[in-house]
Number of protein chains: 2
Amino acid sequence: MAVTIYDVAKKAGVGIGTVSRVINKSPQITDATKSRVLVAIKALNYQPHTVAQSLARRRTNTIGCIIPFFTGFFYLELLRGIQRTATSLQNDLILYSVDNKSNKEIFLSRVLKERRVDGVLLVSLEIDDDYAEQFSVQHFPIVLVDGDHAVLDSIKVDNIEGARQATNHLIGLGYPTIAMIDGQLKSVPARLRLAGYKQALAEHGRAFDESYFVACDFAEEADGFNKEAGYVAMQRLLDLGDRRPRSVFVSSDIQAIGAMRAIRERSLRIPEDVAVVGFDDIELAEHVGLTTVKQPTTRMGQVAVDRLIAKVTCKPGLDKEFKQKLTTELVIRESCGG
Amino acid sequence: MAVTIYDVAKKAGVGIGTVSRVINKSPQITDATKSRVLVAIKALNYQPHTVAQSLARRRTNTIGCIIPFFTGFFYLELLRGIQRTATSLQNDLILYSVDNKSNKEIFLSRVLKERRVDGVLLVSLEIDDDYAEQFSVQHFPIVLVDGDHAVLDSIKVDNIEGARQATNHLIGLGYPTIAMIDGQLKSVPARLRLAGYKQALAEHGRAFDESYFVACDFAEEADGFNKEAGYVAMQRLLDLGDRRPRSVFVSSDIQAIGAMRAIRERSLRIPEDVAVVGFDDIELAEHVGLTTVKQPTTRMGQVAVDRLIAKVTCKPGLDKEFKQKLTTELVIRESCGG
DNA sequence: CAAAGTGATGGAAGGGCTTCCAAAGAATAA
DNA sequence: TTATTCTTTGGAAGCCCTTCCATCACTTTG
């Protein structure tokens, strides 16, 4: 059978409390006893039973992460930031991955009642008001990542600012006309990116021109953020003939890839005929030389875990609400010229 | 305070053992008592404390997964298969991700002693003999994924067969000359893929021609499986001038991407001048129309977890060694013509 | 009708730790 | 010296379950 704290205590000739204190680095232990215990621990090759510790301490040193079935680079990088930070703060990470909506609810309620994790990260998923309420009332630590809710802590990227950066880049390069291709307007990021686009135009005294704006409301899949939608949307802009825009800000890289294909199919060149900026900085973007807006994904994971664990350990200054927005970064490649 | 099994027992007017039996679906409970208990559980909104269950049962219903810091699609898909299968078998998944080698050892020894997980998956990582020994002796369930060791269960893809498929495809299309670009020969998959290539050639009575084989031994990073290495290697083949190969099997997609660039830079066409097959089926492969060998990645995760949990639960027939090889699948796109 | 068997139930013990309280010992003050 | 305070230590109780054993209420059998 496995060696327990009692074996160590007997071997070292001390009480179990003393052994426990040594393990937990309690200060009030004489160096002599401490080293006796340490020797016994080494001799028996003892390691505390984590599960028993969790039960007694009412702390698992584990955080949960509810994340939609991770496709794409974004989630990989996010997970990397989360994992790395958790490990560095001596926490383990349990992954709950969500296939469909009902799944999410199950995980939320499990997390809340099983007490298997000290806190939870909810990534890219909406949370109902009554669940939010429960977490809030029970003081169960939760941080929303790439999402938001009135009563809960959240961290996300500043979509408006990112869209502004992209648009300003095109303005700065002197393009006379700047179109925008957006996702479905019912999606939150799509609306925010539109707002940033409009804001940048307004700041430079440019009017928003309805005919230069295409929302992919016709495309269902992935809220319009997909290759085909970008392709179709770009066709519409190119159909303007002479009035076609000189440059376009596309609200996601994957749409931009589709848009670029549409441009090339008409024998137009990028950026000489039409300049393109994307959003996201997916892996493909580098390959096709797409200038785009990079989200600080790894960082987001890190900040989220830091905050979550601060809440778990009741660090001071946690009452104030935490609504962090991280700023994006423009990655300049070849698709805009300049 | 949280509601415990005692509260439920009192409310239902039964003993705690009875409540426990209801929770664990023990058969010998009358329907009447069972429903009384169920009512009480519902009324109190009771849910068992997972940690306490783990301690009492000496089973955590959790598996660990030690995985190198997941870059690339391969790990995403693998993780998807692992996660999905674990969830469907009522197990949670703890992710230990490895940044560097020492990290791996730490996780291995923690897993072994902390008893926080019932079993562990070791992905794409080598394991020292003495650790393998320890797992073996202690009967601690472990399954190697995309790796191997004499005394441990393992599951991986059949690299030899995959390389044969790729080479045979080129042979079948009638290409007179078939070169190969490989990773560093010190890497195991590189050697296996070479073996498959040679085997296919031999089966069709073709000689292995040293001058048509380039191993990327000059490239350090990622065992030679990277874009630049592929680019350089292809240059060498193209430098053969008139004797340059009519087709080439590249041992990874990422190298193939580099190779394709080298081909295009000499104003040669794919597949009209040089046909290319890759290996891996990364996301980019589809985008560039690369014919390639797809690994059954998700499936591998699934099989691994199935096996691991079978071991944990001591299903019969586990003594025989388990060394599974999954077969690859050729994905035909445009880079080979035909 | 008693004896033996069957099935459902209660609850103590045990899983391995932390923590609190009391006690012993050491150090200081009077 | 004795009284007082401070440190260090031992170990019981508690964290919340599962499981085993004893018990009790019925059946069945002879």
Side-chain angles (χ1 to χ4, degrees), chain A residues 1-38 40-41 44-62 90 92 110 112-118 313, chain B residues 1-38 40-41 44-62 90 92 110 112-118 313:
Chain A
M1 204 44 228
V3 16
T4 74
I5 206 171
Y6 289 90
D7 303 318
V8 176
K10 191 186 289 175
K11 177 116 185 171
V14 299
I16 54 161
T18 305
V19 176
S20 176
R21 268 168 231 125
V22 171
I23 292 167
N24 297 296
K25 308 199 197 309
S26 155
Q28 42 192 31
I29 290 273
T30 45
D31 284 353
T33 5
K34 182 151 113 188
S35 64
R36 283 232 312 288
V37 173
L38 255 17
I41 287 177
L44 296 172
N45 191 23
Y46 167 78
Q47 176 146 348
H49 190 302
T50 324
V51 177
Q53 285 184 314
S54 295
L55 183 60
R57 287 187 184 144
R58 266 143 290 178
R59 255 307 273 300
T60 60
N61 281 302
T62 305
Q90 331 267 31
D92 282 340
R110 273 188 51 193
L112 211 43
K113 296 205 287 177
E114 277 186 356
R115 280 153 297 172
R116 188 161 202 195
V117 295
D118 297 331
T313 52
Chain B
M1 203 43 228
V3 18
T4 74
I5 205 171
Y6 288 90
D7 302 318
V8 176
K10 190 186 290 175
K11 176 116 185 171
V14 299
I16 54 163
T18 304
V19 177
S20 177
R21 267 169 231 125
V22 171
I23 292 167
N24 297 297
K25 309 200 197 307
S26 155
Q28 39 192 32
I29 290 274
T30 46
D31 284 352
T33 7
K34 183 151 110 188
S35 64
R36 283 234 310 289
V37 172
L38 254 18
I41 286 177
L44 296 172
N45 190 23
Y46 168 78
Q47 175 146 349
H49 190 303
T50 325
V51 177
Q53 285 184 312
S54 295
L55 182 61
R57 286 188 184 143
R58 265 145 291 177
R59 257 302 275 302
T60 61
N61 282 301
T62 306
Q90 332 266 31
D92 281 340
R110 273 188 50 192
L112 213 42
K113 295 205 288 177
E114 278 186 355
R115 280 153 296 173
R116 195 169 191 187
V117 295
D118 297 331
T313 52

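Below, read A as the first sequence line, B as the second, and so on, with proteins coming before strands; counting in each chain starts at 1.
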Between [options], which nucleotide has the shortest distance from any of its atoms to the side chain of [X]?
X     : options                : result
B:I29 : D:dG10, C:dT9, D:dC17  : C:dT9
A:T30 : D:dT9, C:dA8, C:dC17   : D:dT9
B:V14 : C:dA8, C:dG10, C:dG11  : C:dG10
A:A56 : C:dG14, D:dG10, D:dG14 : D:dG14
B:H49 : D:dC15, D:dC17, C:dG16 : D:dC17

Original post:
For the side chain of A:T18 and the backbone of A:I16, is there at least one donor-acceptor N/O pair under 3.5 Å apart?
Top reply: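 Side chain of A:T18 to backbone of A:I16: no pair is present.
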Subject >> Donor-acceptor contact below 3.5 Å, side chain A:N24 vs main chain A:R21 >> reply: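 Checked: no pair found.
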Phosphate oxygens OP1/OP2 of [N]: is one of them under 4.0 Å from a side-chain N or O of [X]?
X     : N      : value
B:Q53 : D:dT18 : yes
A:T18 : D:dG10 : yes
A:R58 : D:dC15 : no
A:T33 : D:dT9  : yes
B:S20 : D:dT18 : yes
A:Y6  : C:dG15 : no

**OP:** Hey, which sits more toward the 5' end of DNA chain C by its nearest nucleotide, B:Q28 or A:R57?
**Re:**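 Upstream on the strand: B:Q28.
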Subject >> B:A52 vs B:R36, nearer the 5' end of DNA chain C by closest nucleotide >> reply: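 Result: B:R36.
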Atom-pair distance ([atom1] on [X]; [atom2] on [N]), nearest Å:
X      : N      : atom1 : atom2 : answer
A:R115 : D:dC15 : CZ    : C1'   : 11 Å
B:R59  : D:dT19 : CZ    : C1'   : 16 Å
A:K10  : D:dG10 : NZ    : P     : 15 Å
A:R116 : D:dC17 : CZ    : P     : 14 Å
B:D31  : C:dG7  : CG    : P     : 16 Å
A:I16  : C:dG15 : CD1   : P     : 13 Å
B:L55  : D:dT19 : CG    : C1'   : 13 Å
A:N24  : C:dC17 : CG    : P     : 11 Å

Original post:
Taking N and O atoms by type only, does the side chain of B:R21 place a donor or acceptor under 3.5 Å from a partner on the base of C:dG10?
Top reply: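 Yes.
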Original post:
Do the non-hydrogen side-chain atoms of A:L44 and A:K11 ever get within less than 4.5 Å of each other?
Top reply: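 A:L44 reaches A:K11 side chain to side chain.
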Subject >> 4.5 Å side-chain heavy-atom contact, A:I29 and A:K25 >> reply: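 A:I29 does not reach A:K25 side chain to side chain.
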Subject >> Heavy-atom pair of closest approach, residues A:A2 and B:R115 >> reply: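 The answer is CB-NH1, 2.8 Å.
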Original post:
With distance as the sole criterion, is a donor-acceptor pair present between the side chains of A:N61 and B:R116 under 3.5 Å?
Top reply: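 Looking only at side-chain atoms, B:R116 and A:N61 do not form any donor-acceptor pair under 3.5 Å.
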